[in-house]
Amino acid sequence: MRSQLYVPGNNEKMVRKSVGIQADSVVFDLEDAVPQQDKENARKLLGSLLEELDWGKRRLCVRVNPTYTMDYYRDVLWVSEQDKVGCVVVPEAEDGLLSLYRTTGKDVEPLVETARGLMKVEDLVRQEGVFAVSFGSADLALSMGGEASTLANQYVRTAVVVAARAYGVEALDRVFFDLKDVEGFEAECRWAKGLGYSGKQVIHPSQVEVANQVFSPSKDELEWARKVVELYEAHAKQGRGALRIDDKLVDAVHYRMAKRLLESYG
Ligand code: COA
Ligand code: MG
């Protein structure tokens, strides 16, 4: 999932609009984007729109309310009956993921949004049924008493992606809130990609295309990979395992990286 788009679950116009947006995954939010008095209406509205509209092959998810609320239980009952929804996104995740997976039969994507969630990130991602993980810097700031921009730091990002990769789970980078700062958004996508993230959570149609583009290999990257595979294989036959390509060292690890890229996208 290069892009995972949040859509407020009580907003009919945006839910309808999301059908035509090229996000790899859509998350209908029942949590922070829906005011308390609208929760029940949102479930009803979403239920009928999910049935009515043609969602194609994209991965549909629902973000439920936190496990310590009554609405969590209402959401879980409701989502377990939504055949088109394949995944439940869990805010402020700390525990309870296995029973959620077993009772709903849906894949689970925890959000690391509390100090405890971050301390327990390995336990979260190793649970049966967990297929992806992300983190939320605003909630983390609330939990830590800090600031969202500061908490989107190298430590938090690295801890989440290392745990994810250790257990074969997809890591998606946090939401970027400044809709006008296109350059900042793109730079953050590139940083996350460099750390091993496979995509980004997004909140607006304008962010989808940038995320899809950054998290796909570029023409240059594919060209580099083809060149490395061709030259490395030719030289290896003559007993050379280290060579100079475009003034950079290439050896077996670079060859393996190039092969992996071509196998996934070439
Ligand atoms: N999903 C689907 N459509 C969306 C959308 C979204 N997340 N965000 C905006 N749109 C649509 C708008 O409906 C509008 O459609 P139109 O041109 O047909 O009228 C168009 O895209 C342009 O939207 P814009 O006017 O720029 O957005 P806004 O200023 O009204 O709203 C936000 C900005 C941030 C409030 C809105 O993008 C949003 O609600 N995002 C999701 C928030 C969310 O779910 N948060 C929870 C997780 S952090
Ligand atoms: Mg939240």
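Counting starts at 1 for both ligands and their atoms, in listed order.
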Below 3.5 angstrom, do we get any N/O pair linking Asp29 and ligand 1?
no
Got a protein heavy atom sitting under 4.0 Å from atom 13 (O) of ligand 1?
yes
Is Phe135 close to Leu111 at the side-chain level, that is, under 4.5 Å between some pair of heavy atoms?
no
Subset of ligand 1 atoms that lie under 4.0 Å from at least one heavy atom of Ile21
2 (C), 3 (N)
Do any N/O/S atoms of Asp139 come under 2.8 Å of the Mg ion (ligand 2)?
yes
Are Glu31 and Glu92 packed together at the side-chain level, in the sense that at least one heavy-atom pair is separated by less than 4.5 angstrom?
yes
Could you tell me whether Met14 approaches ligand 1 through its side chain, its backbone, both or neither, with non-hydrogen atoms closer than 4.0 Å?
both
Atom 1 (N) of ligand 1 has as its nearest protein heavy atom Val7 CG2, 3.7 Å
Does a donor on one side chain and an acceptor on the other come within less than 3.5 Å for Gln127 and Tyr167?
no
shortest atom 21 (O) of ligand 1-to-protein heavy-atom contact is with Pro205 CG, 3.5 Å
Counting only heavy atoms on the protein side, is anything nearer than 4.0 Å to atom 17 (O) of ligand 1?
yes
Pair Arg43 + Glu81: basic N to acidic O under 4.0 Å:
no
Side-chain heavy atoms of Glu109 within contact of Gln201, under 4.5 Å:
yes
Does any donor atom in the side chain of Glu221 or Tyr265 lie under 3.5 Å from an acceptor atom in the other side chain?
no
Residue-ligand contact Asp32/ligand 1, heavy atom below 4.0 Å:
no
Atom name of the N, O or S atom of Asp32 nearest to the Mg ion (ligand 2) is OD2
Please determine whether a side-chain nitrogen of the Lys or Arg among Glu12 and Arg16 lies less than 4.0 Å from a carboxylate oxygen of the Asp or Glu.
yes
Which one of Ile203, Val15, Val27, Val26 has a non-hydrogen atom at the shortest distance from atom 6 (C) of ligand 1?
Ile203
Suppose we measure from atom 20 (C) of ligand 1 to each protein heavy atom; which comes out shortest, and what is that distance?
Lys17 CE, 4.2 Å
Test Glu186 against Arg190 for salt bridge (charged side-chain N to carboxylate O under 4.0 Å, His left out), laying out the working first.
CA-CA 6 Å; Glu186 183 173 342; Arg190 289 194 188 285; 2.9 Å; yes
Nearest heavy atoms of Gly47 and Trp78, plus distance in Å
N-CZ2, 3.7 Å
A side-chain contact here means heavy atoms from C-beta on lying under 4.5 Å apart; do Pro110 and Val130 qualify?
yes
Between Lys237 and Glu233 (salt bridge meaning N to carboxylate O under 4.0 Å), is one present in this structure?
no
One residue to check: Lys13. Relative to ligand 1, which of side chain, backbone, both or neither has a non-hydrogen atom less than 4.0 Å away?
side chain
Any protein heavy atom nearer than 4.0 Å to atom 29 (O) of ligand 1:
no
Could you say whether the N/O atoms of Arg63 and ligand 1 ever approach to under 3.5 Å?
no
Against ligand 1, does Leu179 come closer than 4.0 Å with any heavy atom?
yes
Protein heavy atom under 4.0 angstrom of atom 35 (C) of ligand 1, is there one?
no
Classify the ring geometry between Phe28 and Trp55 as parallel (under 30°), tilted (30 to 60°) or perpendicular (over 60°).
perpendicular
Close side-chain approach of Leu30 and Arg74, heavy atoms under 4.5 Å
no
Any N/O/S of Glu92 under 2.8 Å from the Mg ion (ligand 2)?
no
Which heavy atom of the protein is the closest neighbour of atom 44 (O) of ligand 1, given with residue, atom name and distance?
Tyr6 CB, 3.4 Å
Ranked by distance from atom 26 (O) of ligand 1, the top protein heavy atom is His204 NE2, 2.7 Å
Heavy-atom nearest neighbour in the protein, as seen from atom 39 (O) of ligand 1, with distance rounded to 0.1 Å
Pro8 CG, 3.6 Å
Provide, to 0.1 Å, the distance between atom 45 (N) of ligand 1 and the closest protein heavy atom, together with that atom's residue and name.
Ala33 CB, 3.9 Å
